[in-house]
Structure formats: C-alpha cells, structure tokens
Amino acid sequence: MLALLIQYFSIIIFGIMKWVYIEDLEKYPEKKVEIRGWVYNKRSSGKIRFLLIRDGTGILQCTMYSADKDSFLFQEFDRLTQESSLILRGVVKKEKRAPGGYEMSIEEMDIIQIAEEYPITPKEHGIPFLMENRHLWLRSQKQHAILKIRSELIKSIRDFFDNRGFRLMDTPILTPSACEGTTTLFETEYFDQKAYLSQSGQLYNEATAMAFGKVYCFGPTFRAEKSKTRKHLIEFWMVEPEIAFATLADIKELGEDLIIYIIERTLDNRQQELEILERDTGPLEAVKKPFPHITYEEAIQILNENNFKMEFGDDFGAPEEAKLAEIYKMPVCVTHFPAKIKAFYMQPADKRPDLVLGLDILASEGYGEIIGGGQRIHDPELLEKKIAEHKLPQQAYKWYVDLRKFGSVPHSGFGLGVERMLSWLCKVKHIRETIPFPRLLYRIYP
RNA sequence: UCCUCGGUAGCUCAAUCGGCAGAGCGGGUGGCUGUUAACCACUAGGUUGUAGGUUCAAGUCCUGCCCGAGGAGCCA
C-alpha cells in the first residue's frame with residue numbers, strides 16, 4: 001500500500017512514468033503510464049488503429065490516430081504480429097467503447113520482439129492441436145481464467161486450514177512401499193532400493209496428526225492407472241486434513257465447511273473469470289450446509305428406484321454418481337460403505353462390522369467424487385488383522401501400526417482433489433484444462 | 001486393455017456414386033476516421049498420417065501399422 005502511494009505521488013510530483021499492470025489501471029486515472037505486454041489482436045480502420053495488448057493481468061485496448069498514414073507509429077503498428085512483445089506508453093482514460101472500459105492513447109511504442117506466425121488464432125481449434133500447444137494455449141482467455149481460479153482455490157484451501165489452526169505437514173513424494181496395495185504406482189530407483197511416487201499423504205498424516213493434533217498436507221499425487229476419462233489425471237493435486245480424536249461426523253462437517261468456503265471465495269474474488277467461462281453461478285450459490293447425507297445402502301436403494309441395477313457391494317460408476325447429484329441438486333455425502341470396496345485402514349461401523357466409516361462427497365452437476373475419506377482404525381490388533389487380510393507386507397507397515405501402540409485415539413481425515421473441485425467450479429468439460437501442464441495417459445508433452 | 005470415431009493447406013473443415021484438391025480463418029499486398037473474433041479487394045500456400053493392395057482412374061474401396069479423440073473398465 002505504501003509502495004503504491006509512493007508510486008502515485010512520484011508520478012504526480014516528478015512526472016516519472018510508471019510500469020503498471022492492466023488490472024491496476026483504475027488507480028492511475030488520466031495518468032500517463034507504461035504497459036508491458038503482448039499483442040492479443042489488432043485492427044485498423046483508415047486513420048485510426050486499434051491494438052489489444054495483454055500483460056497477464058488483463059487486456060487493454062490501445063489506439064493510435066494520425067492523419068498521416070506514413071507516421072512512425074503507424075509503420076511500427078503495421079509490423080506487429082500476434083503475440084509480439086512490446087512496451088507502450090500513453091494516457092489511459094475511461095472509454096465506454098473499449099472492451100474492459102479503459103483505453104490507452106499510444107504516445108510511444110518500443111517493440112521488444114516481432115513474434116513468428118502464432119499458431120493459435122482467435123478462431124476455433126481442435127483438442128489435439130491445443131494440447132500439442134499447451135505451452136501457448138495458457139495465454140488464451142478461457143485457459144487463463146481457469147488457472148486464475150485455480151490459484152484462488154489453492155489460496156482459499158490454505159487459508160481455510162490455516163485459519164482453523166491446522167498445521168501444514170509436507171508428506172514425502174518418494175515412498176518405500178506400495179502403500180495401498182491396490183493402485184498401480186510409478187516405480188523408480190532409490191539407489192539400491194525401489195521407491196514409488198506417492199498416491200496419498202494420508203498414512204504419514206496420521207503420524208503428524210498424533211504429533212500436532214490437526215494437520216493437513218497439500219501436494220501432487222501420482223497414479224499409473226490406465227484411466228482415460230474426463231475425470232482422471234495421472235498427476236493431480238490433493239489436500240488432505242487429518243484430525244486426532246475426530247469422528248466421521250466431525251470430518252463430514254469439515255468437508256462441507258471447506259467446500260462452502262472455497263465456493264464463497266471464488267464467487268467473491270473471481271467473478272470476472274467465471275463470466276469469461278460463462279459459468280452459471282446459480283448451482284454454486286445454492287450450495288448450503290448441511291449437504292444431503294445418505295448411507296451407501298440408502299444410495300443403492302435410491303438408485304434401484306431410479307432404474308439402476310445395483311447390488312450390495314457394487315461401487316458407484318460415473319452414471320450412478322451423476323444420478324445421485326441430479327436427484328439432490330447439491331453435493332451429497334455418502335457414508336457406511338461395504339468394507340470390501342474400501343481400503344484396509346477404515347474403521348468398521350458399530351454393530352455392522354461389514355460396513356466401514358468411510359465418507360465420499362459427490363459434487364453436484366455430475367462432477368463426481370471430490371472428497372474421499374473417513375475414520376481410521378485405532379485398535380492395533382484390528383489393524384494388524386486387516387493388514388494380514390489384505391496381504392500387505394507387515395514390515396512396511398510397522399511404523400503405521402506403532403501409531404496405535406503409543407496413545408492411540410480415534411482419528412479421521414479426508415482428501416479433496418483440487419482438479420476435480422476446480423472442474424466443477426468452472427464447469428469445464430475435461431479435467432485436463434484445470435492444471436497448467438496435465439499429465440494424461442499417453443501424453444507427457446509439453 | 002476393450003469398444004466407437006477420426007487423420008486433407010499453419011488452423012477449422014468441405015470434396016455427392018471411385019472421375020480437375022476447395023472454402024473460411026491465419027500469412028502477404030492494397031483500401032477504409034471508432035474497431036469489438038472488424039470489414040472490403042487481390043494474393044501465396046498441398047508427399048490427402050504411413051506401408052501395401054484393388055482399379056483405366058483412389059482423399060474416397062480393402063489390409064496392416066502409427067497417431068489422436070470420445071466412452072467403458074480400472075481408480076483413498
């Protein structure tokens with residue numbers, strides 16, 4: 001703030017021209033400023049020329065006017081190609097006819113580079129071409145808007161947990177064993193051993209939760225699954241809170257609060273980007289606490305009433321998740337799953353040892369599972385039994401079982417997939433647009 | 001891994017029954033005093049993914065391969 005004031009007064013007093021960003025232009029009314037950016041588009045009409053410049057924070061229409069068509073500025077303008085880099089100086093004024101509401105009258109122009117013929121034109125392109133040019137596609141308005149919302153989303157997640165006294169605990173990406181035993185992991189060499197890229201920080205979170213009470217980890221996770229759908233990435237980001245002494249009910253409420261907080265922050269701070277994406281914000285504004293809450297068995301019953309043929313023990317596929325979301329028009333909490341379809345560490349339900357205290361939260365509008373978690377087993381003997389039943393290597397889980405031997409308490413946590421959440425927020429067709437450089441089955445370029 | 005569809009100009013696509021390879025955008029040249037993915041005129045631009053086959057003749061039909069997309073399965 002002080003820096004801004006100093007900037008502002010130095011412009012007034014000394015007439016020093018300041019490099020400013022387009023998103024900050026309203027702070028410099030009628031002042032001569034400098035903009036540094038790239039040519040987004042240009043148009044000409046006789047004695048007036050229009051230049052749309054983008055600087056990463058916005059797009060500004062700039063004009064030059066001359067009765068002399070051979071003027072220096074016009075000659076320079078005519079050399080410019082799409083995405084050429086340049087510095088412009090001139091006075092910026094409010095202008096109704098300009099997109100964005102502001103317009104610069106160009107007085108000086110320094111060209112830094114004339115760009116080669118830019119492959120992405122303002123017309124439509126196909127997915128393979130855009131993916132091949134992802135490094136340039138990031139400059140396009142919609143991609144830019146999605147990733148700006150991603151940045152806001154990550155900040156809002158961090159603020160949510162930090163404000164509630166959670167400690168950020170970074171969990172390792174290189175792990176010694178195939179922890180879950182179910183998913184295909186990426187294997188790599190670790191000197192004379194083998195290591196695997198992490199698919200979850202949860203097990204380590206359980207250790208840090210016993211040290212710090214309430215913790216969260218936030219980082220990339222990796223899956224070598226040959227999944228080829230609009231909801232799967234090979235490399236994706238996940239935030240995972242874990243709380244000692246918390247039950248299933250506690251983390252269900254935490255999950256609801258987190259989702260509502262993310263939505264509110266996005267609606268408050270990224271309205272412009274949602275408009276660029278033509279996102280109807282109605283379904284987001286409708287999200288209120290508490291979310292509809294059903295058990296797995298109730299979900300099976302509801303689906304069967306809607307012409308699905310589900311049996312106890314079947315997992316939900318994409319059509320089932322979409323149907324539940326359609327019925328409730330809100331995110332839905334599903335709990336009490338069959339033990340058979342969930343991970344080994346899940347706490348069995350009281351009086352129903354065939355069910356576990358798992359929690360899935362399904363996003364509305366068909367975006368599927370955004371949160372998965374539950375209450376963990378805290379009894380050491382039961383945990384060892386489950387490890388044996390799942391035929392997991394006992395030695396690798398020694399430290400994990402240890403956590404149940406030194407002041408074991410009930411504890412719970414969940415994981416929220418950043419890209420799934422962002423897909424829903426932005427209502428994008430495919431998850432590949434929600435991360436700058438998506439890693440997909442058969443694609444690791446660029 | 002399976003199923004379906006596709007690959008033609010830099011990009012998006014067209015090419016009828018197997019019969020001259022075409023348009024818009026982008027590029028270039030010129031015009032236009034407020035444009036909004038500006039507009040108008042002219043212009044350059046092609047090993048039809050690849051290897052074979054059928055045919056007087058293949059972008060078009062057949063076979064293999066390569067690449068991609070959509071979906072399924074898989075998936076804390």
Side-chain angles (χ1 to χ4, degrees), chain A residues 40-52 59 61-69 74 78-79 81-83 95-101 103 105 114-133 136-137 140-141 179-185 198-203 205-206 221-234 236 238-240 242 251 315-319 321 337 341-346 356 358-361 368-376 412-417 420 429-432 440-443 445:
Chain A
Y40 192 71
N41 202 355
K42 62 174 196 172
R43 295 183 275 271
S44 71
S45 180
K47 295 188 176 67
I48 188 162
R49 310 256 150 132
F50 298 92
L51 187 62
L52 290 177
I59 295 173
Q61 176 163 286
C62 306
T63 60
M64 52 180 75
Y65 176 85
S66 174
D68 174 15
K69 72 184 174 87
F74 273 22
D78 290 342
R79 289 171 58 208
T81 55
Q82 195 185 349
E83 289 301 317
E95 170 58 67
K96 280 182 189 165
R97 289 170 294 187
E103 187 173 86
S105 177
I114 297 294
E116 289 180 27
E117 195 178 320
Y118 190 64
I120 301 177
T121 66
K123 293 281 177 179
E124 60 189 281
H125 298 282
I127 290 298
F129 178 76
L130 290 170
M131 286 307 294
E132 205 63 22
N133 289 285
L136 303 175
W137 191 22
S140 303
Q141 260 193 312
C179 277
E180 300 282 336
T182 52
T183 312
T184 317
L185 301 179
S198 171
Q199 62 161 350
S200 166
Q202 185 207 312
L203 304 190
N205 258 351
E206 290 182 54
T221 50
F222 309 87
R223 272 190 213 181
E225 292 295 334
K226 294 202 167 179
S227 298
K228 186 171 156 47
T229 82
R230 66 183 71 184
K231 285 180 188 160
H232 287 90
L233 288 170
I234 301 298
F236 66 100
M238 194 156 60
V239 60
E240 295 172 277
E242 190 75 29
I251 58 143
D315 214 343
F316 305 133
E321 286 181 352
F337 294 88
I341 61 169
K342 290 288 178 182
F344 74 93
Y345 48 71
M346 289 216 176
V356 290
L359 162 75
D360 279 6
I361 299 183
E369 184 185 335
I370 45 174
I371 278 182
Q375 190 169 326
R376 329 299 189 188
S412 305
F414 63 76
L416 174 129
R420 290 251 181 108
K429 292 186 291 287
H430 198 296
I431 199 165
R432 66 184 157 223
L440 298 161
L441 185 61
Y442 307 133
R443 180 179 286 283
Y445 177 92

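Atoms considered below: every heavy atom in the structure, side chains included; atoms not considered: hydrogens, waters and symmetry mates.
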Enquirer: Does any N or O in the side chain of Asn205(A) come within less than 3.5 Å of the main-chain N or O of Glu240(A), such that one atom is a donor and the other an acceptor?
Expert: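 A pair under 3.5 Å: yes.
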
Enquirer: Let's see if you can work this out: which of C75(B), G34(B), A72(B) has an atom nearest to the side-chain heavy atoms of Ala318(A)?
Expert: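 For Ala318(A), the side-chain atoms sit closest to A72(B).
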
Enquirer: Does any donor-acceptor pair link the side chain of Glu103(A) with the base of G34(B) at a separation under 3.5 Å?
Expert: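 By the distance-only test, yes, there is a pair.
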
Enquirer: Looking at the side chain of Phe129(A), which of C74(B), G34(B), U12(B) is the nearest nucleotide?
Expert: U12(B)

Enquirer: Taking atom types as they are modelled, would you say the side chain of His125(A) forms a donor-acceptor pair with the base of C11(B) within the 3.5 Å cutoff?
Expert: no

Enquirer: Name the pairs: protein N/O against N/O of nucleotides 67-70 of chain B, kept only if under 3.5 Å.
Expert:
unit_1	atom_1	unit_2	atom_2	d
G68(B)	OP1	Tyr442(A)	O	3.4
G70(B)	OP1	Arg432(A)	NH1	3.0
G70(B)	OP1	Arg432(A)	NH2	2.8
G70(B)	O3'	Arg230(A)	NH2	3.4

Enquirer: Using atom NZ of Lys47(A) as one end and atom P of C39(B) as the other, report the distance to the nearest whole Å.
Expert: 21 Å

Enquirer: Confirm from the modelled atom types if Ser227(A) and C74(B) form a donor-acceptor pair under 3.5 Å, side chain to base only.
Expert: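 It does, because a donor-acceptor pair links the side chain of Ser227(A) to the base of C74(B) below 3.5 Å.
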
Enquirer: Given C74(B), is OP1 or OP2 found less than 4.0 Å from the side-chain N or O atoms of Lys226(A)?
Expert: no

Enquirer: Starting at CD1 of Ile59(A) and ending at P of A37(B), how long is that distance when rounded to a whole Å?
Expert: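 Atom-to-atom, Ile59(A) to A37(B), this comes out as 11 Å.
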
Enquirer: What about Thr229(A): does its side chain form a donor-acceptor pair under 3.5 Å with the base of C75(B)?
Expert: no

Enquirer: Note every stem involving RNA chain B: at least three consecutive Watson-Crick or G-U wobble pairs, i with j then i+1 with j-1, with both distances under 3.5 Å.
Expert: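 Stems for RNA chain B, defined as runs of 3 or more consecutive pairs: B:1-7 with B:66-72, B:10-13 with B:22-25, B:27-31 with B:39-43, B:49-53 with B:61-65.
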
